[in-house]
Each structure stands twice: as C-alpha cells, then as structure tokens.
Amino acid sequence: MQEILDGLNDKQYEAVINTEGPCLVIAGAGSGKTKVLTHKIAYLIQEKNVAPQNILAITFTNKAANEMKERISKLIGDKALNIWMGTFHSICVRILRTHIEKIGYDSSFVIFDASDQRTLIKKCIKELQLDDKIFTERSVQSEISNVKNEMLEPEQYMARSKGDFRKEKIATVYEMYQKSLKDNNAIDFDDIINLTLKIFNMNPDVLEYYASKFQYVLVDEYQDTNKAQFNLVKLLASKNGNITVVGDNDQGIYSFRGADISNILNFERDFKNSKIIKLEQNYRCTGNILKIANSVIKNNETKYNKKLWTENEVGALPKIYSASDEYDEGRYIVEQIEHLKKYENYDYSDFAVLYRMNTQSRAIEDILRREAVPYKVVGGLKFFERKEIKDIIAYLRVIQNPVDNISLTRIINEPKRGIGRTSLERIENIAIQNQTSMYEIIKHSDEYGLNRVFMSSREFVNVMEELMAKKDSLKISELVKLVLDKTGYTKALKEEKTLEAENRIENLEEFLTVAMEFENEEVENSLQSFLEGMTLSSDMDNVDEEEASVTLMTLHSAKGLEFPAVFLVGMEEGIFPGYKSISEPTELEEERRLCYVGITRAKKDLFLTCSKKRTMFGSTSYNLVSRFVKEIPTELLDGAEDVFEQKTKDFQTTGNSFGNSGYSWSYGASKGNGVIKTYKLDDDNSRSVAASSIGKGFGRTAESFLKSLSNKPMGQKVDLSKYEEGVRVYHKKFGEGIITATEPEGDDIKVDITFDKFGHKRLMARFSNLEII
DNA sequence: ACGGGCGTCTTTTTT
DNA sequence: AGACGCCCGT
C-alpha cells in the first residue's frame, strides 16, 4: 500500500494524491507521465476505495492501455482489469454497441476505415457528377473529417457554407456520404466519437448513467485530443468533476487529424478551479540530448513555459552526418549501430531509426538487409492493406453485415464470376429504387430480370447464405477457411501459378493464424469483435518488443516510446520540415514539436542525418540541411560545422529552383533507370534477416514476416537439386516438415511438404527459404 | 458486356 | 503495390 506513493518525486506525488476536481498535469518528455497515471489509478482504488469499474482512463493506443493495466496490476492485483481503459474509439464503440439503436442505427454496425471511406466518398462525388479533378477524394475526405471534428451535421455545415460554391458542394457530398454510411449499416472513425456524443445529447438518462458511473476520468496525451473528444470528456466528467488530464503542449503532433492543442492550453478556462502541476524533471535523456531538445523547441511560442532539467549524466555529444545520398545515410546508420554494439554492449533492439515519411524506410531497409542487420518496420505498408487481406475481410464483413455494399462490391467479382461494371451498376440502381441492399438484389436477381447475374451469382449466394447461417457457431478460423475454399478464392489464386499469387496464398495462411490467435486469446469470440478489433488496432498495438532487432518507424509512431540510441534521418528542408509546412507558421511549429518528440526519444545516443542528394517518388532533389538542425548550437552537435559549410557550398553551386521552399532544387529522373541504384543485394546475403514476428497477440500484422516475403530478392541462389522426396526441411513459418513430392516448374521446383504442425503445403523452392535439416 | 493489358498516379504524419 | 481509367479483343 505504501509502495504506491513510494519513489515519486514531489511533483509526481502531488499529481497522484490530487484526486478531487480538475487536474492538469503538464508532463515534459520523459518526466514519468505514465508513472503518475498508473500510480494515481492504483491510489484511487487502494487508498480511496474507488471501485475499478468507476474509473475511466483514456489512452492514445490500445497498446498503451494494456501496458498501463499491466503496470497497475503489479501494484494492486487483478482488479485492475475492471477499469474502463482504452482509446477514445474503443471506449466509445463499447458504449455504441449498447445504445446506438436509440439514434436509429443497428447495433450490429461495422466500422469503415479510411480506405472504405475513400471508396464511399468517391462514389458520392461521381453520383453528384462533380468534377473529380477539383473534388478529389482526398481533399473531400479531409474536409468532411474536419467538419465532423467540429461536430457539424451536414445541414449545419451547409448553412455555414452558403455562398461558397466549393463548400456547398462538399456539404452535399457529406450529406450523401452520411446517408450511405447508414444504408451500409456502417460508421466511420469520426462517427464513433460523434454518435456517442449524439446519444448523450439526445438521451440525458444515458449520459446520467455514464457520468455517474465514471467517478474519476483520466485522459492521457491530452494535447492530441480534438474538439469532439474534448466535449465527450467534458460530458463524462460533468457530474463528478474529477478529471485528470496529462499531456505536453510541446508534443502535440496530430493537428492534421483534428487534434487541437488549445484543449490543453485552455484547460484552466474550461474546468474551473483546476490544479496545474508541471513535471519538469526528465529521467530519460542525457544532459546533452535534453539541451538539444530545448534549443529546438524554444523557437515555438508556448503558453506553459516549462524548462525540462535532468540529473542524468551529460553524456556523449549527439552527432550529425551529412550523407552523399540515402544509401550512404543507411550505411552510416549501420556503421554506428555496429560500433555501439561492439564497444558499448548495445543490442540491436536498443536502436530506433525515425523518419518523417514511411517511404524513407525503403533505402535504409535495403542497406540493413544487405548488411544483415535485423530490423522491423512499424506501420507503413500494412498487412491489412494488402489486396488479398482486404478481400477476405470484405467477405467476412458481408457475412456479418449483408447490407455493406462497399464490401460486397469489392468481392462480388473476386474471383471472377462474370459480374462486371455494367451488371454492378444495374444491381445498384435497382437496390436504390427498392430501398434495399445490393446483396438482396443479387440474391433475388431472377425477380428483377437480371438473368445473367442470376446465373453467375448462384454459387456465390449459396455459399454466403450458408456461411451467414453458420457464422456464430463456427470458429473464425473455420469461417475464413470456408470462405477461401468455397468461394473459389484460393483456387483462382492457385490457378494463376505466379509468384505473386503464391505470395498471396501465404499471406492468407498468415491471416488464418491471426484468426486462430484471436480465438485463443479473446474472450469475446464473435465475428463482430474480430472485425472490430482489426479496424481499431493501431500500428503500435502490433509491435513486438521481445525481438532483437532495430526498429524503423515514423516520428509519429514513436510518440511515447524511448530507445537508448536514436537516429533521426532525413533532417532536410523539404523533408523535415516537409515542404508543405514551410510556408505555414502553425504547421511549421507542429513539425518542430515533432522534431522535439524525436529528439527526446533518445536516452543516451542521438544521431541526426541528412543527405546531399535524395531520390524520392521518381525524382532527385538536393536539399539543404533542416532548419531544426541549425537551431542547435554547433558546440552541442558533433560535426555541425562541417555540415553547414558543405551545405552552403552545394547551395551556391547548384542554384535554386524548387518552388516556394526556396532552398533546394530537383530534376525529374524516371523511375528505375538505375541512376541512383548504387547498391545491389548480394546473392549470398539474400537470406532474409528481418526476424519473423508472427507471435502472440491479436491484431499482429506479421509485419517483418511480410517484409521478409515481399522484399525477398528475386532469383536467389538455391541448390535445387537438394530438394527431393523424403528430405526433412525447416520453414520459417511452418516449422519442420518432410518433402513428399517435387515437380519442376520453369527454373524452379514446386515442393510438396507435409509439415509436422501445419499439414500439407505446396511451396516454390526458390522463394520459400527452406533449410535442409 | 466482360475482362485483360497497359499506363498513370500515388505520398506527410493516423485512431 | 494497388487502384483506376482507358482501350480493345472476345
């Protein structure tokens, strides 16, 4: 009991015991923010006798929620599991499932992710015959999302937009989009928050229930909440008034998705008589790293001026390296990693490489792979974004929710059934006329004179009907197997006989293991919660920390994490800060906060890199070193003087013709013409070194596993003669097995293998990384 | 009417 | 790597 308050510094102690009323904790990077939250919750339960189910704690990712629960359990035991803890989205979905019918939705709704959203918006734009050059899905989508974050309904937005042609049109799209969502029995990410608010506003008794229930409300990463989330928090805390928010105005990096830093800046105004506590002692970084972080962030205007300090050692001087191109940048990283590993006893997992854009990982990955450095990539090309995975999910969605026209459209002709564009258009029109779903029309297509559709869709309808009937009695994995089998999906892939198809089949098998893991671990074992878990899981939720590998991710994903050694790469004008933010002061400040977040991830060693020449999206540019680097006093940065000197020289000789950035220039270079391709993969280094991450835990993206598949160099040297009947082999994913048959296929061999645990599989020898044992 | 093939664009950051 | 528009062959 005593230990809950032990080991806290004065400020942390104050933040923990200050349980009653509004409390704002300004928590600088590495100041023990999670500690405060976990100890405060433990204190409430243990000391103040608050029942766990009367506490609501909102975190930024599901992973953070799980970690926090674990840490609280260590303090007070298993009752921590009853705390309402999760992201805004997961908490709200939980509320929506029980109450959404009150506002006219069906409780079996599905959640549309960003790409479903885009498809739907695109359809609306087309339907309204708007010029899709002016109204791009992207711009309309972000406008609609912004409007939703302001909690404006279509009518309200329309009223506000009177006189503005563009906005009026977008309002029409918004209206149609919202109606279509409802017709599809779907809601989007923004609706998750907004509809919860709507329920509260229209049903005072429901609000009363939750506002009474949650005696204590705690919100983490408060600087990244948006208007709607703020309102939600305000409503939930309205009854008891015990609200603790923790955040750092210098780490707000999500304004592009509606996060509003003024939520944290105006806390005192919004919640009367609030207590404000600043945590300014940093326990994470060395003195030098902290100095650098402060020297950058001080260029922003901030309301809560806090000055982070530390008692930690001064530490090594952070370094900057100016590479000749992005591959040289990668090579430098490997060099430094190997050095620290050798002389400072570092492990691969102690390193993180952080970049502004996902695309930047490519070149670095190439070099890491070439140099046999194990790595994993967080986010980027996601498992769930692959075509075959989206297809199987679309099948499952239609089974769960037959009125989901978007998913149905995706799969009706996958595999090819002879239902093309024209048929689909007809089906859709009839569905609209009859106010029903496209699935209904297909099912009864004979009654609507769609004979062709009727003929070609019979098998599909029969299979779907059968699976819909069985969906709750079958295990998810069995359902997946049946879909793939009975719809002919796998069969069609097999008949393609291409490497790509082979790969897709393997990915689907991986999906099957994801489903099995879900069955084993989740209590709520329904198709609905399976689908829900997949759309609400974040990149960070799927990171496996156990592995001894270097972590590559975006600066955004790195929020909340720490590593002994951090590389901030691509420190160039136009990259970081991105060229789009250079002329926009508020965006530039956000970029600077992002830089601050990046720097403060490092505990001991920090490396900044930039490149004189960089090829991206098929063109080469010569960027100047980032202004953020220049904001660091040269004496704090090893190599700073060299870098500035070089950059100036380059600048003078190369001139300037790059739009409004005014700092760099570029010329087009067609893709793949080999101009920059200096490094090739060595044949004997081609074995994949990216460690496989198919492990426990629902929603695992199998990221590195996939990377190892998709990045596998073509035509690797494999002694095919060694594969013959009776030979025992080891496969990374399937484990040990015995070859039962072989068959030549071009310059490769198809091998049939019976695996001890996974049964019979057919693989291509050249690409399956089989080891003979 | 369907579907294969080809060229083009995509790219900040994400619950 | 994928989505999509366009064109042409069946």
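Letters go in sequence order (proteins before strands), and every chain restarts at 1.
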What is the distance, rounded to the nearest whole Å, between atom [atom1] of [X] and atom [atom2] of [N]?
{"X": "A:Leu424", "N": "B:dC2", "atom1": "CG", "atom2": "P", "value": "8 Å"}
{"X": "A:Lys559", "N": "B:dT14", "atom1": "NZ", "atom2": "P", "value": "12 Å"}
{"X": "A:Met553", "N": "B:dT12", "atom1": "CE", "atom2": "P", "value": "22 Å"}
{"X": "A:Met357", "N": "B:dT10", "atom1": "CE", "atom2": "P", "value": "15 Å"}
{"X": "A:Leu536", "N": "B:dT14", "atom1": "CG", "atom2": "P", "value": "17 Å"}
{"X": "A:Asp188", "N": "B:dT14", "atom1": "CG", "atom2": "C1'", "value": "14 Å"}
{"X": "A:Arg118", "N": "B:dT10", "atom1": "CZ", "atom2": "P", "value": "13 Å"}
{"X": "A:Ile427", "N": "B:dC2", "atom1": "CD1", "atom2": "P", "value": "9 Å"}

**OP:** Please work out if A:Phe88 contacts a base, only the sugar-phosphate, or nothing of the nucleic acid, heavy-atom cut-off 4.0 Å.
**Re:** nothing

Original post:
Touch check for A:Phe576, heavy atoms < 4.0 angstrom, all strands: base, sugar-phosphate only, or nothing?
Top reply: nothing

**OP:** Report the residues that fulfil ring pair (Phe, Tyr, Trp, His ring centres under 6.0 Å) with A:Phe60, sequence neighbours left out, ordered by chain and then residue number.
**Re:** A:Tyr254

So, is [X] close to the [N] phosphate, meaning a side-chain N or O under 4.0 Å from OP1 or OP2?
{"X": "A:Thr359", "N": "B:dT12", "value": "no"}
{"X": "A:Asn358", "N": "B:dT14", "value": "yes"}
{"X": "A:Ser90", "N": "B:dT15", "value": "no"}
{"X": "A:Thr422", "N": "B:dC2", "value": "yes"}

Subject >> Which residue lies more 5' along DNA chain B, comparing A:Gln117 with A:Ser581 via nearest heavy atoms >> reply: A:Ser581

Original post:
Where each residue is assigned the nucleotide of DNA chain B containing its nearest heavy atom, which of A:His89 and A:Lys580 is assigned the position nearer the 5′ end?
Top reply: A:Lys580

Subject >> Partners passing salt bridge (Lys or Arg N to Asp or Glu O under 4.0 Å) against A:Arg94 (at least two apart in sequence or in another chain) >> reply: none

**OP:** Under the salt bridge (Lys or Arg N to Asp or Glu O under 4.0 Å) rule, collect the residues that match up with A:Lys33, sequence neighbours excluded.
**Re:** A:Asp220, A:Glu221

Would you tabulate the pairs of protein nitrogen or oxygen atoms and nucleotide nitrogen or oxygen atoms of nucleotides 3-6 of chain B closer than 3.5 angstrom?
| residue | atom | partner | partner atom | Å |
| --- | --- | --- | --- | --- |
| B:dG3 | OP1 | A:Gly418 | N | 3.0 |
| B:dG3 | OP2 | A:Asn413 | ND2 | 2.7 |

Subject >> Audit row: A:Asn300, A:Tyr596, side-chain hydrogen bond (donor to acceptor under 3.5 Å, both in side chains) steps and yes/no >> reply: CA-CA 11 Å; A:Asn300 274 3; A:Tyr596 176 76; over 6 Å; no

**OP:** Answer yes or no: is there a donor N or O on one side and an acceptor on the other, between the side chain of A:Glu572 and the main chain of A:Ser611, under 3.5 Å?
**Re:** yes

By side-chain hydrogen bond (donor to acceptor under 3.5 Å, both in side chains) - contacts of [X] (at least two apart):
{"X": "A:Glu591", "value": "A:Arg356"}
{"X": "A:Thr136", "value": "A:Ser139"}
{"X": "A:Asp391", "value": "A:Lys387, A:Arg410, A:Tyr489"}
{"X": "A:Glu495", "value": "none"}

**OP:** Give a yes or no on this: more than 12 heavy atoms of other residues, nucleotides or ligands lie within 6.0 Å of atom CD of A:Glu459.
**Re:** no

**OP:** Report the nucleotide, chosen from B:dT14, B:dT11, B:dT15, that has the shortest atom-to-atom distance to any side-chain atom of A:Arg138.
**Re:** B:dT11

Show the distances under 3.5 angstrom between N or O atoms of the protein and N or O atoms of nucleotides 3-5 of chain C.
| residue | atom | partner | partner atom | Å |
| --- | --- | --- | --- | --- |
| C:dA3 | OP1 | A:Arg410 | NH2 | 3.4 |

Subject >> Under 5.5 Å and under 30°: A:Phe189 stacked on B:dT15 >> reply: yes

**OP:** Using the aromatic ring of A:Phe256 (for Trp, its six-membered ring), decide whether it stacks on the base of B:dT13 within the limits of 5.5 Å and 30°.
**Re:** yes

